Undergrad: 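I'd like to ask you about the structure that follows.
Any value given below was found using the heavy atoms of this structure, including those in side chains, with hydrogens, waters and symmetry copies removed. Lettering of chains follows the sequences in order, A, B, ..., and the numbering in each one begins at 1. Not measured: the values here are computed from a predicted model.
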There are 2 protein chains.
Amino acid sequence: MRSIRHRVEVLKAMAHPVRVQILEELLKGVKCVSDFEEFLEISQPNVSQHLSLLRRFGVIDYYMDGRLRCYFLKDPIVPDLITLIKKDYIKELPAPACCPVTKKGKYPRERRR
Amino acid sequence: MRSIRHRVEVLKAMAHPVRVQILEELLKGVKCVSDFEEFLEISQPNVSQHLSLLRRFGVIDYYMDGRLRCYFLKDPIVPDLITLIKKDYIKELPAPACCPVTKKGKYPRERRR
DNA sequence: TCTATATATGCAAATATTATTATATTTGCA
DNA sequence: TGCAAATATAATAATATTTGCATATATAGA
């Protein structure tokens with residue numbers, strides 16, 4: 001199983017709007033750096049930095065094609081994560097049954113000290 | 001639907017080892033601050049700070065029980081996200097079919113310029 | 001009313017993240 | 001061999017996050 005540390009790294013890798021866009025794009029297929037430049041409104045070095053972070057975290061990888069670097073998805077959690085963050089949740093989780101909202105409530109299990 | 005921006009914020013809220021642990025614990029049920037102190041190796045003010053961040057992002061909420069604050073999960077994406085990051089993926093995504101690894105490869109689609 | 005308990009808040013220091021700019025590296029091709 | 005394209009790296013600056021510490025607030029109970 002993924003360690004806590006690794007789980008957090010994947011979340012961190014995705015916790016940036018530009019990187020989510022990069023990953024969504026990679027979901028469609030292999031892309032090289034200049035492809036990203038076309039639709040991300042950021043500088044080339046910045047694209048490279050985000051890509052290299054994603055690679056450091058093991059989320060993506062690339063292969064060389066002449067002077068292009070062709071990036072592709074590597075971590076299998078990515079497609080699932082993208083599906084999840086796009087999912088439409090209708091409502092909040094149900095408040096715990098006990099929840100009194102007033103200040104008189106009782107903690108749902110025995111307190112421990 | 002929640003905006004991508006909001007979703008990224010939730011990911012950011014979760015992208016910290018302490019907060020992942022807090023959320024995993026909340027998945028089991030309502031907990032008050034001192035419950036967290038028992039297994040997180042951080043100070044009480046720090047626990048409170050993480051909790052208040054999670055609340056600011058709409059991920060959790062609490063109700064009062066005397067002088068206890070009983071925290072619970074609110075954003076329905078959380079259980080799904082936690083399940084996902086704990087999931088055990090056997091292998092990496094298949095490398096793109098074209099991938100030559102050598103430096104002779106051709107970009108899988110027509111290059112655009 | 002006084003005290004102890006549970007928790008939050010404010011602020012500063014340490015650290016991390018992001019974007020920017022300048023420069024370097026690699027490779028294809030003339 | 002030399003130049004331009006594609007991309008990376010490094011240094012910096014701006015900003016955000018995280019933590020520790022001191023202190024504040026609220027409430028239950030004596």
Undergrad: Tell me: CG of A:Asp65 to P of D:dA5, nearest whole Å?
TA: 18 Å
Undergrad: Between D:dT17 and B:His50, is there an OP1 or OP2 to side-chain N/O distance shorter than 4.0 Å?
TA: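 It does not, given that no N or O in the side chain of B:His50 lies less than 4.0 Å from OP1 or OP2 of D:dT17.
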Undergrad: Less than 4.0 angstrom between a side-chain N/O of A:Lys12 and OP1 or OP2 of C:dT17, yes or no?
TA: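 Yes.
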Undergrad: 5'-most contact on DNA chain C: B:Val47 or A:Ala15, nearest heavy atom basis?
TA: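 Its nucleotide being nearer the 5' end, the pick is B:Val47.
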Undergrad: To the nearest Å, give me how far apart OH (B:Tyr63) and C1' (D:dT27) are.
TA: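 It is 17 Å, rounded to the nearest whole Å.
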Undergrad: So, is B:Ser43 close to the D:dC21 phosphate, meaning a side-chain N or O under 4.0 Å from OP1 or OP2?
TA: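 Answer no for this pair, as no side-chain N or O of B:Ser43 is under 4.0 Å from OP1 or OP2.
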Undergrad: Any strand is fair game: report the nucleotide pairing with D:dC3 by Watson-Crick or G-U wobble, both distances under 3.5 Å, or none.
TA: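 Base partner found: C:dG28.
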Undergrad: Take A:Glu38 and A:Lys31 through the test salt bridge (charged side-chain N to carboxylate O under 4.0 Å, His left out) and record every step on the way to the result.
TA: CA-CA 11 Å; A:Glu38 284 176 21; A:Lys31 289 277 180 305; over 6 Å; no
Undergrad: Verify the contact: side-chain N or O of A:Arg69 to OP1 or OP2 of D:dA8, cut-off strictly under 4.0 Å; return yes or no.
TA: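 Yes.
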Undergrad: When you match A:Arg67 and B:Val33 each to their closest nucleotide on DNA chain C, which lands nearer the 5' end?
TA: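 The residue mapped nearer the 5' terminus is B:Val33.
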Undergrad: In whole angstrom, what separates A:Gln44's CD from C:dT21's C1'?
TA: 12 Å
Undergrad: Starting at CG of B:Leu54 and ending at P of D:dT18, how long is that distance when rounded to a whole Å?
TA: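 Atom CG in B:Leu54 sits about 10 Å away from atom P in D:dT18.
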Undergrad: Ignoring hydrogens, what is the shortest heavy-atom contact between B:His16 and A:Val8? Give both atom names and the distance.
TA: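 Of all heavy-atom pairs spanning B:His16 and A:Val8, the closest is N-CG1, 3.8 Å.
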Undergrad: Could you tell me whether B:Asp61 and B:Arg69 have a side-chain N and a carboxylate O separated by less than 4.0 Å?
TA: no
Undergrad: Categorize A:Leu51 for me: base, sugar-phosphate, or nothing, with a 4.0 angstrom heavy-atom threshold over every strand shown.
TA: nothing
Undergrad: Choose from C:dT20, D:dA22, C:dT7 the nucleotide whose nearest atom is closest to any side-chain atom of B:Ser34.
TA: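 Side chain of B:Ser34 sits closest to C:dT7.
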Undergrad: Rounded to whole Å, how long is the line connecting atom CG of A:Asp35 with atom C1' of D:dA5?
TA: 14 Å
Undergrad: Could you tell me how far apart A:Met64 (CE) and C:dT25 (P) are, to the nearest whole angstrom?
TA: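 Going from A:Met64 (CE) to C:dT25 (P), I get 15 Å.
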Undergrad: Return the value, rounded to whole Å, for the distance between atom CG of B:Asn46 and atom P of C:dA12.
TA: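 Taking atom P of C:dA12 as the reference, CG of B:Asn46 is at 18 Å.
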Undergrad: Can A:Arg56 and A:Glu9 be counted as an ion pair, charged N to O under 4.0 angstrom?
TA: no
Undergrad: What's the CZ-P distance between B:Arg56 and D:dT17, to the nearest Å?
TA: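 Rounded to the whole Å, the gap is 9 Å.
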Undergrad: Quick check: closest heavy atoms across A:Gly58 and A:Asp75, and the distance to 0.1 Å?
TA: O-CB, 3.8 Å
Undergrad: By the 4.0 Å heavy-atom rule, please label B:Tyr71 as base, sugar-phosphate, or nothing.
TA: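 Touches sugar-phosphate only.
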Undergrad: Does the side chain of A:Ser48 get closer than 4.0 angstrom to OP1 or OP2 of D:dT9 through an N or O atom?
TA: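 No, outside the criterion.
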Undergrad: What nucleic acid atoms does A:Arg19 come within less than 4.0 Å of, heavy atoms only: base, sugar-phosphate, or nothing?
TA: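 Sugar-phosphate only.
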Undergrad: If you compare all heavy atoms of B:Tyr62 against all heavy atoms of B:Arg55, which two are closest, and at what distance to 0.1 Å?
TA: CE2-NE, 3.4 Å
Undergrad: Is there, by distance only and without an angle test, a donor paired with an acceptor across the side chain of B:Gln49 and the base of D:dT17 below 3.5 Å?
TA: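 Flag unset: no donor-acceptor pair detected.
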